[in-house]
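Structure, as C-alpha cells:
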Amino acid sequence: MKRTATAATCAASLLLAAVLTGCSGSTSGEGNGPTSSSASPSAAATVDTKSAGKLGSILVDDKGRTLYLFLADTKDKSNCTGACAKAWPPLLTKGTAGVGSGVDKAMLGMTKRSGGDEQVTYNGHPLYYYAGDTKPGQTNGQALNQFGAEWYVLDAKGNKVES
C-alpha cells in the first residue's frame with residue numbers, strides 16, 4: 001500500500017511539472033504574441049482591423065489576434081512589466097510595423113520598453129495581447145480591470161471601445 005501511494009505521489013508531481021512547463025509561454029513576458037516562446041520579436045508586426053461583433057471594427061495583428069490598450073499607460077509609454085507583461089504580452093516589432101486594411105499609418109508608432117525591445121503603439125497607446133485570448137478573434141480581455149487599470153480593445157481611430 002505504501003509503495004502505491006508513493007508511486008501515485010510521484011506520478012502526480014510529474015504531471016503537475018509537465019502542466020506548469022507547458023503553460024509557461026515566454027520567460028520574459030515580452031514575446032511577439034500570447035504564445036510566443038522568445039523574448040524578442042522575430043519579424044515586423046502588422047496592425048490590421050477586423051469586425052468583432054458588437055464591438056465593431058477593432059485592431060488586430062496580422063493573424064487576427066485582438067490588440068488592447070491599458071489605461072494606466074501614458075502617451076507612448078508602457079506601464080505594464082513583469083507579471084503584467086506575462087498576462088498582457090506587448091506587441092513587439094523588429095523594424096517598422098506594417099499597416100493593414102483600415103489602419104491609419106500616421107497613428108502607428110513604436111516605443112522602447114525597459115528591456116530595449118520596440119513595442120508597437122497606435123494613437124500613442126502601447127498595444128498588447130491578452131494571454132486569455134487563445135484563438136484569433138477572441139476579446140476575453142475587454143473591459144477587464146487588472147494590474148491597476150482597465151484594458152480595452154481599440155477602434156481604427158485609436159480610441160478605446162467600451163462594450
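Only this structure's heavy atoms are used, side chains among them; waters, hydrogens and symmetry mates stay out.
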How would you list, by chain and number, every residue that makes a side chain to side chain contact (heavy atoms under 4.5 Å, CB included) with Ala143, sequence neighbours excluded?
Tyr152
Using the rule that Ile, Leu, Val, Met, Phe, Trp and Tyr join whenever any side-chain heavy atoms are under 4.5 Å apart, tell me whether Met107 and Met110 fall into a single cluster.
no
To check you understand the geometry: which heavy-atom pair defines the closest contact between Ala156 and Gly102, and what is its length?
CB-O, 3.3 Å
Considering non-hydrogen atoms only, spot the tightest contact between Cys80 and Ala85 and give its length.
SG-N, 3.4 Å
Using modelled atom types only, decide if a donor and an acceptor are shared between the side chain of Thr111 and the backbone of Gln119 within a distance under 3.5 Å.
no
Residue pair Tyr130 / Asn140, side-chain heavy-atom distance below 4.5 Å:
yes
Going through the checks in order, is the side-chain hydrogen bond (donor to acceptor under 3.5 Å, both in side chains) test met by Tyr68 and Asp133?
CA-CA 11 Å; Tyr68 297 87; Asp133 289 344; 2.6 Å; yes
When rounded to the nearest 0.5 Å, the distance separating NZ of Lys50 from OG of Ser101 is 13.0 Å
Donor-acceptor pair, Asp48 side chain versus Asp61 backbone, under 3.5 Å?
no
Return the CD1 to OG1 distance between Ile58 and Thr49, rounded to the nearest 0.5 Å.
9.5 Å
What do the steps show when you test Ser78 against Trp88 for side chain to side chain contact (heavy atoms under 4.5 Å, CB included), and what is the final call?
CA-CA 11 Å; Ser78 172; Trp88 297 90; over 6 Å; no
Go through it in stages, so that I can follow the logic: the residues are Leu91 and Arg65, the test is side chain to side chain contact (heavy atoms under 4.5 Å, CB included), and I'd like the CA-CA distance, side-chain angles, deciding distance and then a yes or no.
CA-CA 10 Å; Leu91 173 60; Arg65 296 176 296 184; 6.0 Å; no
For Thr139, does its backbone N or O pair with a side-chain atom of Gln142 as donor and acceptor, under 3.5 Å?
no
Under 3.5 Å: donor-acceptor pair, side chain of Thr93, backbone of Ala45:
yes
Return the orientation label for the Tyr128 and Phe70 ring planes: parallel under 30°, perpendicular over 60°, tilted otherwise.
perpendicular
Would you compute the distance between atom OH of Tyr122 and atom CG of Leu108 and round it to the nearest 0.5 angstrom?
7.5 Å
Quick test of your reading of the model: are Glu118 and Arg113 salt-bridged, counting only N-O distances below 4.0 Å?
no
Look only at the side chain of Gln146 and the backbone of Gly141, and say whether a donor-acceptor pair between them is shorter than 3.5 Å.
no
Taking Ser51's backbone N and O only, do any of them form a donor-acceptor pair with Ser57's side chain (distance below 3.5 Å, no angle check)?
no
Where do Phe147 and Ala87 come nearest, in terms of heavy atoms and distance?
CE1-CB, 3.8 Å
Straight-line distance of Asn123 CG to Leu59 CG, nearest 0.5 Å
9.5 Å
Side chain to side chain contact (heavy atoms under 4.5 Å, CB included) partner of His125, chosen from Leu154, Thr74, Leu67:
Leu154
Between Val120 and Val47, is there a side-chain heavy-atom distance shorter than 4.5 Å?
yes
